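Each remark here refers to the structure printed beneath this line.
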2 protein chains.
Amino acid sequence: MKLSDKEQEIIERIGVFFEKKGHQPILGRIMGLLLVLDRAEATFDEIREYLSVSKSAVSNALTLLQSLDRVEYTTKPGERKRYFRLKVRNWRKDMQDDMNGIFRISVLLKEVMEVRSNSNSEFNHCISDFQNFIEFMKEEMPKLIEKYDRLHS
Amino acid sequence: MKLSDKEQEIIERIGVFFEKKGHQPILGRIMGLLLVLDRAEATFDEIREYLSVSKSAVSNALTLLQSLDRVEYTTKPGERKRYFRLKVRNWRKDMQDDMNGIFRISVLLKEVMEVRSNSNSEFNHCISDFQNFIEFMKEEMPKLIEKYDRLHS
DNA sequence: TTTTTAGTTCTCTTTTTTATGAACTAACAA
DNA sequence: TTGTTAGTTCATAAAAAAGAGAACTAAAAA
């Protein structure tokens, strides 16, 4: 039960990717592991061994990943073990959430505009312009997704 | 030289927003301050006082913000002080960078596909589907931006 | 009933991040 | 020349995050 160097490297890279999103390191590495394994699932203990981390680390990470709706588990008849796997169906939703996270700056800018006087109209105008841009993007994004679904159905 | 409660609150909120992007707390708070101030600029010492942080914290944060191309400074004739302000022109670019950060998962998924066998075609198919979706988005995004610019010129 | 399996919870250490404060520098001013 | 202003750098303290390991629990198996 050993991962190849290439697999390990990819897991680390995916780990870093999710770490940058503000998650703790193991979360990303567990997701990387579940992506790399051919079965696309693993038991609690397999995860522990593949990643050589403690039980508590795995337990906490899996609890968190499930609460984030990124991981789920199934059981097999006659077995007590849980088989953890990625919630594949949510990937697009997760990505949209990330997009909305980026767009959320416009809410903050709106509040900024509320406290600013109109003495610096050049700067105020820059903020408004940027807000318009974001509003446009926010409106167009769902249309883009619809377009994709129309093309791929 | 005091900020109102409302201004402070907005600065904290903007701080948290940028913290979630992986930056250290003061970076976001400095950006928040520069957004909230009517002049939209502040000297080194004003930043220090408004945010009640140490000189070194301000110095390091400003150096970093400048290297990230988010802040710049101007000087005024006869004054040695620097007037720091946000690089407003880069906001859209920053946002596009953030988007590309989200899309970068497709590079990782490509590598994942390279190490996966074809034994689990259902899962592999899910990955490919998601990759197609991202590729579509990556292609459409610049078009969307063009469209916005055409409408607002 | 006792044991085993599968995971959880709690306490504590290790590591990393964030920021402080003091000493330092560079440029100009008195 | 000495002082002052405007910052920088460095060593370190304080705080937060991440994870380890042991004790614990709950359900099934023997």
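All values below were derived from every heavy atom in this structure, side-chain atoms included, with hydrogens, water molecules and symmetry-related copies excluded. The structure presented is a predicted model; accordingly, all values stated were derived computationally and were not measured.
Residue B:R82 places at least one side-chain N or O closer than 4.0 Å to OP1 or OP2 of D:dT8.
For A:N90 (side chain) and A:D69 (main-chain N/O), a donor-acceptor pair under 3.5 Å exists by modelled atom type. The main-chain N or O of B:L64 is found under 3.5 Å from a side-chain atom of B:S67 such that the two form a donor-acceptor pair.
Among the protein residues, A:K55 comes within range of the nucleic acid bases, having at least one heavy atom under 4.0 Å from a base atom. No contact: B:V58 has no heavy atom under 4.0 Å from any strand.
Distance CG (A:D45) to P (C:dT5): 11 Å, rounded to an integer number of Å. Rounded to an integer number of Å, the gap from NZ of B:K81 to P of D:dT4 is 17 Å. Taking atom CD1 of residue B:I47 and atom P of nucleotide D:dG7, one finds them 9 Å apart after rounding to whole Å. In this structure, A:F18 atom CZ and D:dA18 atom P are separated by 16 Å, rounded to whole Å. Counting to the nearest Å, the P atom of D:dA20 and the CG atom of A:N60 are 11 Å from each other. Separating the CD atom of A:E49 from the P atom of C:dT5 is a distance of 14 Å, rounded to the nearest angstrom. Between the P atom of D:dT5 and the CD atom of B:E46 lies a distance of 15 Å, rounded to the nearest Å.
You'll find that the side chain of B:S54 is closest to C:dA19, out of C:dC10, C:dT8, C:dA19. Picking from C:dT5, D:dC10, C:dT9 the nucleotide with the shortest atom distance to the side chain of B:S56 gives D:dC10. For A:A57, counting side-chain heavy atoms from C-beta on, the closest listed nucleotide (D:dA20, D:dG7, C:dT20) is D:dA20. Of the candidates D:dA6, D:dT9, C:dT8, C:dT8 carries the atom nearest the A:F44 side chain, counting heavy atoms from C-beta on.
Against DNA chain D, the stretch residues 19-30 of chain A makes heavy-atom approaches under 4.0 Å through A:Q24, A:P25, A:I26, A:R29.
The environment of A:K110 atom NZ is sparse: at most 12 non-hydrogen atoms of other residues, nucleotides or ligands sit within 6.0 angstrom.
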